[in-house]
Amino acid sequence: MGSYRMCVCFTRKFRVTEADPPEDVKAAFMKYSEGGSHMTAEQLRRFLAEVQLEGGGVSVSEAEKVVEQVLKTRHHLAKFTRNTLTLDDFHHYLFSADLNPPIKDQVHQDMKAPLSHYFIYTGHNSYLTGNQLSSDCSDVPIIKALKRGVRVVELDIWPNSTKDDVHVLHGRTLTTPVELIKCLKSIKEHAFSASPYPVIITLEDHLTPDLQAKVAQMITETYGDMLFLPECECLQEFPSPEELKYRIIISTKPPKEYLKAKSKDTRNNSMRESDEDEWGKETTELTADLEDDEKSDSDSEDNEERQPEASNYKRLIAIHAGKPKGGLKEALKVELDKVRRLSLSEQSLEKATETHGTDVVRFTQKNVLRIYPKGTRFNSSNYKPFIGWMHGAQMVAFNMQGYGRALWLMHGMFRSNGGCGYVKKPDLLMNVGPDGKMFDPKEKLPVKKTLKVKVYMGDGWHLDFKQTHFDLYSPPDFYTRVGIAGVPADRVMKRTKAKEDNWTPVWGEEFTFPLTVPELALLRIEVHEYDMSEKDDFAGQTCLPVSELRPGIRAVPLSDKKGEKLNSVRLLMRFDFV
């Protein structure tokens, strides 16, 4: 019985007191209700236009709808005795992530430009459930990624043990395979559950010509009219996401290149992964490798004629991947009559941007560049995506199961444009100066825009976490980290003070971020719980595209470490551009 009584004392200690509305909220209510105790729909409309900068687009009827929603959620009344808001109702509205989110959730960008004009949400080894060496291969992570809006799915395809069927697995590792047909069917079923825009399947192909023919048949039978088949062998320009709505696109090396590589492999007696291992090398090695390929040309020049079954497979390939002969300069050459996809490892990209940064930007204006994690990331971790984005790389391929700050940035970037998986690259990456000058991320630019961020308060932890999750004997001590990810000149992290023993912390701190390239900036927000004796506890995070932030006072929902939205945890913040 004694222990039971202790329990009662214990829970009393954790009582959550609701925080008052911040001063700015009280002041706004006072101003727009003209000193009254209730705010009408017309007064709310003025607040939305003048403080939230919703512009003249907000009608009185829309404001009335907001009032109705607030009263319904707060008071659970079917019929209202009043149609005005009290201060608490007004605060509830502002602090509701459903009613007052920080960014819009509609597609609003021009979707009629060629695919090369967009950053595209891209997965790496999309079939792996965990690490790169021994986890299971499955269609489950593919489905999960598609539901999240990922638009590029990568499949490594290999012959099965009896060489009569095709498996998906990470070659030369202990990963357990999954049948290709299962993955293809799951992609068909879930491709457009989150977005109508095209899904691109990149194939890492390790097959013999007869199995390539089998894959061609599988793909054709599975997707039918959904499949985008190019009219000519080489596209001169990529179609737009709008033209390709609800279509499936195949991207891989044409079979001829595979056969050449194969003849070289048998000579060297070492099987290589197609795109990835070739490009994962040092730049100097690349040149030697590409010369090797030239030597092997004659060995397989007539292979394609001898392998007619490969031509059906080749016909399906809309985005040709490949590795031109010569060094990096050659690889980044923009050809007038055709567009293609090039793959570089994260290290190769870093090397390339050190010496050929503007060539990379020029290449990505018309062609597609895919970046993939270096092979030593066995634990499925990720790299910093901005080096790819700053240079116009469309497909910055990530391990979607590699949770951590890098993936949070990826989630943040693709919250843009209604979460449809395609984000229009800023004009600065597409423009060519009068003297042929390209955007150079290394160049020091003047400040273009300043973002002011005020962190008012937070709430919801007591609903989403156990009372003892952060501290056994006292309420938590939360603080917020807020900062910018973007071009090097704009990167910074700042933090509020920790608020002691409070489940509903009120910080009321303001931060200023001067931005040279606001178009590429992401606002990083993390909440931690201060712990004197151990590592601070994680309490939520989000990343928001600065270009999409809605000005004014907004409710910012936070997510867990995996990027899944927490049910109740949110911050009340204010965003102003000056």
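Positions are given from 1 along the sequence.
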Please confirm whether Lys424 makes a cation-pi placement over Phe119, using NZ or CZ under 6.0 Å from the six-membered ring centre and within 45° of the ring normal.
no

Centres of the Phe538 and Trp408 rings: under 6.0 Å?
yes

Charged N to carboxylate O below 4.0 Å: is that the case for Lys333 and Glu335?
no

SB check Lys351 Glu346 (cutoff 4.0 Å)
no

Is it the case that the side chains of Ser345 and Gln347 hold a donor-acceptor pair, with the cut-off being a distance below 3.5 Å and no angle test?
yes

Taking it one step at a time, do Arg362 and Leu332 satisfy side chain to side chain contact (heavy atoms under 4.5 Å, CB included)?
CA-CA 8 Å; Arg362 184 179 286 106; Leu332 294 168; over 6 Å; no

Might you point out which heavy atoms bring Ile249 and Ala318 nearest each other, and give the distance in Å?
CG2-CB, 3.7 Å

Residues Lys112, Glu243: salt bridge by 4.0 Å N-O rule
no

Will you find, in the side chains of Arg340 and Asn367, an N or O donor that is under 3.5 Å from an N or O acceptor?
no

Test Met395 against Val368 for side chain to side chain contact (heavy atoms under 4.5 Å, CB included), laying out the working first.
CA-CA 7 Å; Met395 297 183 181; Val368 168; 3.9 Å; yes

Could you report the tightest heavy-atom contact between Tyr118 and Asp110, atom names first, then the distance?
OH-O, 2.6 Å

Donor-acceptor pair, distance only, cut-off 3.5 Å: does the side chain of Asn382 make one with the backbone of Asn399?
yes

Within the 3.5 Å criterion, strictly below it, is a donor on Asp490 or Thr516 matched to an acceptor on the partner's side chain?
yes

Backbone N or O of Ile142 within a donor-acceptor pair of the Asp139 side chain at under 3.5 Å?
no

Any Gln541 side-chain heavy atom under 4.5 Å of Leu558 side chain:
no

Atom of Val150, atom of Gly123 and distance for their closest heavy-atom approach:
CG1-N, 3.9 Å

Asp205 vs Thr252, side chain to side chain donor-acceptor pair (under 3.5 Å): CA-CA, chis, key distance, verdict:
CA-CA 7 Å; Asp205 170 0; Thr252 184; 4.8 Å; no

If only atom types and distance count, is the side chain of Ser193 paired as donor or acceptor with the main-chain N or O of His190 below 3.5 Å?
yes

Go through Glu443 and Lys437 one step at a time and tell me if the salt bridge (charged side-chain N to carboxylate O under 4.0 Å, His left out) criterion holds.
CA-CA 12 Å; Glu443 204 177 300; Lys437 195 171 178 298; 2.8 Å; yes

Could you tell me whether the side chain of Leu328 reaches within less than 4.5 Å of the side chain of His356, counting heavy atoms only?
yes

For a 4.5 angstrom cut-off between non-hydrogen side-chain atoms, does Val199 reach Phe192?
yes

Are Glu509 and Lys494 close enough for a salt bridge, meaning some N to O gap below 4.0 Å?
no

Surrounding CG of Asp337 (heavy atoms of other residues, nucleotides or ligands, distance under 6.0 Å), is the total greater than 12?
yes

CA sep, side-chain torsions, deciding dist, call: Lys454, Glu510, salt bridge (charged side-chain N to carboxylate O under 4.0 Å, His left out):
CA-CA 4 Å; Lys454 191 159 187 181; Glu510 192 166 42; 5.5 Å; no

Got a donor-acceptor contact below 3.5 angstrom from the Gln365 side chain to the Met430 backbone?
yes

Before you tell me yes or no, could you show the steps for Ile525 and Arg481 under side chain to side chain contact (heavy atoms under 4.5 Å, CB included), namely the whole-Å CA-CA distance, both residues' side-chain angles and the distance that decides it to 0.1 Å?
CA-CA 6 Å; Ile525 301 162; Arg481 296 181 74 221; over 6 Å; no

Donor-acceptor pair, Asn100 side chain versus Ile553 backbone, under 3.5 Å?
yes

With distance as the sole test, does Ser126 use its side chain to make a donor-acceptor pair with the main-chain N or O of Val153 at under 3.5 Å?
no

Taking the six-membered ring for Trp and the full ring for Phe, Tyr or His, determine whether the centres of Phe398 and Tyr383 are under 6.0 Å apart.
yes

So, do Arg405 and Leu409 sit near enough that their side-chain heavy atoms are less than 4.5 Å apart?
no

Distance-minimising heavy-atom pair for Val361 and Met390:
CG2-O, 4.4 Å

Between Ser186 and Cys183 (side chain of the first, backbone of the second, donor and acceptor by atom type, cut-off under 3.5 Å), is there such a pair?
no

Evaluate the side chain to side chain contact (heavy atoms under 4.5 Å, CB included) criterion for residues Val396 and Tyr121: first the C-alpha distance (whole Å), next the side-chain angles of each, then the deciding distance (0.1 Å), finally the verdict.
CA-CA 8 Å; Val396 176; Tyr121 205 172; over 6 Å; no

If you measure from CG on Asp105 to SG on Cys420, what distance do you get to the nearest 0.5 Å?
12.0 Å

Looking at Ser380, is its backbone amide N or carbonyl O close enough to the side chain of Asn131 to form a donor-acceptor pair, meaning the two atoms are under 3.5 Å apart?
no

Just checking, Lys449 and Phe577: is the charged tip under 6.0 Å from the six-membered ring centre and within 45° of the axis?
yes

With no hydrogens and no angle check, do the side chains of His108 and Glu548 hold a donor and an acceptor under 3.5 Å apart?
yes

Could you check whether Glu526 pairs with Arg495 (Lys NZ or Arg NE/NH1/NH2 to Asp/Glu carboxylate O, under 4.0 Å)?
no

Quick one: does Lys425's side chain have a donor or acceptor within less than 3.5 Å of a partner on Thr364's backbone?
yes

Do Asp156 and Tyr127 have side-chain atoms, one donor and one acceptor, less than 3.5 Å apart?
yes

Tell me, do Arg415 and Ile103 make a side-chain contact under 4.5 Å, heavy atoms counted?
yes

